[in-house]
Asks: 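My questions will all concern the structure given below.
Both ligands and their constituent atoms are indexed starting at 1 by order of listing.
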Amino acid sequence: MTAVIAAEASAPAKIILFGEHAVVHGQPAIAAPISALRAFALAVPAPPQTGLIIDTADLGERLVIPSYGEPADHPLARAARLALAAVNVTGVDLAVTLRSQIPIASGLGSGAALTAALMRALAGAVGNPIEDARLNDLVFEIEREFHGTPSGIDNTVVVYERAISFVRGQRPALLTVGQPFNLVVADTGIRSSTKEAVMGVHALLASDPAGTQSVIEAIGGVVHQAQAAIARGELAALGPLMNENHRLLQRLTVSSPELDRLVEAARAAGAQGAKLSGGGRGGNMIALCPPETEAVVSAALLAAGAQRVITTRVEAHA
Ligand code: PMV
């Protein structure tokens, strides 16, 4: 049995900054970590013969994984085995507790973050940390096995904790961020199906191919401009680009009255720009805020019906 030590690890949530929906049709998108919202894993040595126990405090699950047992079909059990195999360990006596601040099924990458935190804690506990590039591949493997056809956005953002640009079918690229910037993220509290919103855009393309395609390409143009502005640290350009992206998403029918209300409330309270984020028709929106307006914008979003508001900072990176 492999010797183990206590190890703790975490990984952040992710949010799409620009380009959702158009990315399904070949345009680039930009995503960033929400460092203020995280999944945590704590691994501690367990008595001999215990095997691996994973307690998911928030999800109310307890997984017992015998040291040399059947192939695991639970995503977290499978993730644990994959991580241990990656560091050439087959049997351990460890108790892992997972906690997450990230709401599930709301486009914030909670699954990828839990998987990354679990894998990091396990590798740390056996004294053999996994480097990020390898971890990214392993988390993607779990996403692929359990979440259909993932784009690779979630695992890349949560593992590297970096803003990325992404084109479907290509490997995500880490972004240069010239100046840090702050976002307020607000949840409408309305759960909505990304799949249905994506199908809505397909329907629009079928009924008005030329008009819809021009909106999709316009979003692609906004994403290119946003990527350049982020790289150069030209934050004044970003707000108007977010507003333009939101307007174009409205034309794709993926906004909603609740999202529009939050977007308008954020702008009226002093945000430099605001837009829906992710699948739309519910879910989250983001607002770009200089630090001095964050509190006012957050209060305005709550007053306008937001169920949860958090503030996060996208850090500068060469
Ligand atoms: O809600 P999220 O973060 O899972 O993002 C959905 C993004 C879409 O472009 C709407 C769909 C997709 O598969 O890219």
Side-chain angles (χ1 to χ4, degrees), residues 11-34 37 39 100 102-116 139-140 142-144 146-159 161-173 183 185-205 212-213 215-220 222-223 226 242 245-246 248-256 258-259 262-263 275-286 307-308 310 312 314:
K14 81 102 199 354
I15 193 105
I16 294 186
L17 299 188
F18 290 96
E20 51 276 272
H21 285 288
V23 73
V24 174
H25 304 278
Q27 301 298 324
I30 296 174
I34 309 178
L37 212 52
S100 182
I102 310 170
I104 56 170
S106 56
L108 296 178
S110 68
L114 268 174
T115 303
V139 178
F140 186 58
I142 296 299
E143 295 267 289
R144 246 206 332 234
F146 293 95
H147 306 293
T149 51
S151 61
I153 291 181
D154 288 19
N155 48 286
T156 306
V157 172
V158 312
V159 167
E161 199 156 351
R162 291 273 308 268
I164 61 156
S165 68
F166 175 78
V167 176
R168 216 179 157 100
Q170 299 177 16
R171 239 182 134 77
L183 297 171
V185 183
D187 190 345
T188 58
I190 296 167
R191 299 277 74 87
S192 82
S193 155
T194 293
K195 198 170 158 192
E196 271 173 34
V198 167
M199 278 161 49
V201 177
H202 280 296
L204 208 61
L205 261 173
T212 308
Q213 186 57 32
V215 174
I216 287 169
E217 284 169 18
I219 292 176
V222 167
V223 177
M242 286 170 77
N245 197 162
H246 186 73
L248 293 164
L249 286 163
Q250 285 174 321
R251 289 182 58 190
L252 292 183
T253 73
V254 295
S255 192
S256 69
E258 295 82 5
L259 281 165
L262 295 187
V263 163
K275 64 182 278 295
L276 72 85
S277 172
R281 295 187 177 169
N284 291 282
M285 56 76 67
I286 53 176
Q307 298 299 299
R308 178 181 47 80
I310 55 153
T312 191
V314 179

Asks: Glu161: which residues meet the side-chain hydrogen bond (donor to acceptor under 3.5 Å, both in side chains) condition with it, sequence neighbours left out?
Replies: Ser35, Arg38

Asks: Do Asn284 and Arg308 come within less than 4.5 Å of each other through their side chains, counting heavy atoms only?
Replies: yes

Asks: Residue by residue, ordered by chain and number, which ones reach under 4.0 Å of ligand 1 with a heavy atom?
Replies: Lys14, Ile16, Glu20, His21, Val23, Val24, Gly107, Thr194, Val198, Gly278, Gly279

Asks: Measure the spacing between NE2 of His21 and CG of Leu248 and express it to the nearest 0.5 Å.
Replies: 13.0 Å

Asks: Looking only at heavy atoms, what is the nearest atom pair of Ser100 and Leu114, with distance?
Replies: CB-CD2, 4.2 Å

Asks: Under the side-chain hydrogen bond (donor to acceptor under 3.5 Å, both in side chains) rule, collect the residues that match up with Arg162, sequence neighbours excluded.
Replies: none

Asks: I'd like to check the side-chain hydrogen bond (donor to acceptor under 3.5 Å, both in side chains) partners of Arg168; sequence neighbours left out, ordered by chain and number.
Replies: none

